[in-house]
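Side chains included, hydrogens not; waters and symmetry mates left out as well; all remaining heavy atoms used.
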Amino acid sequence: MFFDQSWMGYGIVGALEAGAIALAIGLVLFVLLHLYGRTQGWSLGIEVGWACVGGMILAGGSDMWNLVYFNYGRVQSLQLLKVRLAEVHDPDNLGARVFFEFVGVAVGVFIGWLLVARRRSST
């Protein structure tokens, strides 16, 4: 995430908090893209797709990067690994946090669709 995570919990609690933040990001991003897309003639699929991609990058970009880096990156020394792990909040549950961020963004976009876009298509 793009902010200080030191206040967040550890384990499943921290993953649920990250998912709740991602839900809010997905909801706001979908509403903004829907309002802009309506003036540009975008279809609902474009709005949903860009809201999901943008929300996942905003909400979980750094966590996804850390997950890929720790799994596939070349670590030249043990000291470098210790420094990188010290920068990550709760590295033991990084995968759960990324998963809940993905789910949170998807649920946020869905709620945004229920609140905003569903009315337009039904009338």
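Across every non-hydrogen atom of Ala22 and Ala59, the tightest pair is CB-CB, 3.7 Å. The minimum heavy-atom distance linking Leu33 with Ala51 is given by the pair CD1-N, 3.5 Å. Closest non-hydrogen pair, His34 versus Glu47, comes out as ND1-OE1, 2.8 Å. What you find for Glu101 and Ala18 is that their closest heavy atoms are OE2-CB, 3.7 Å.
Atom-to-atom distance recorded for Phe110:CZ and Cys52:SG is 12.0 Å, nearest 0.5 angstrom. Rounded to the nearest 0.5 angstrom, Leu27 CG and Leu115 CG are separated by 6.5 Å. For the atom pair Leu16 CG and Leu23 CG, the distance stands at 11.5 Å (nearest 0.5 Å). With rounding to the nearest 0.5 Å, the separation of CD1 in Ile25 from CD1 in Ile57 is 12.0 Å. The distance from atom CD1 of Ile21 to atom CG of Leu58, rounded to the nearest 0.5 Å, is 13.0 Å. One finds the CE atom of Met56 at 11.5 Å from the CG atom of Leu29 (value rounded to the nearest 0.5 Å).
Applying the ring-ring contact (aromatic ring centres under 6.0 Å, His included) criterion to Tyr36, with sequence neighbours excluded, gives Trp42. Among residues two or more places apart in sequence or in another chain, the ring-ring contact (aromatic ring centres under 6.0 Å, His included) test is passed with Tyr10 by His89.
Remark: the backbone N or O of Gly9 is paired with a side-chain donor or acceptor of Glu17 at under 3.5 angstrom.
Within the 4.5 Å cutoff, the side chain of Asp90 has no heavy atoms near those of the Leu94 side chain. Between Val88 and Phe70, the closest side-chain pair of non-hydrogen atoms falls below 4.5 Å. By the 4.5 Å heavy-atom criterion applied to side chains, Phe100 and Ile12 are counted as neighbours.
With 3.5 Å as the limit, one finds no donor-acceptor pair spanning the side chains of Asp63 and Asn66.
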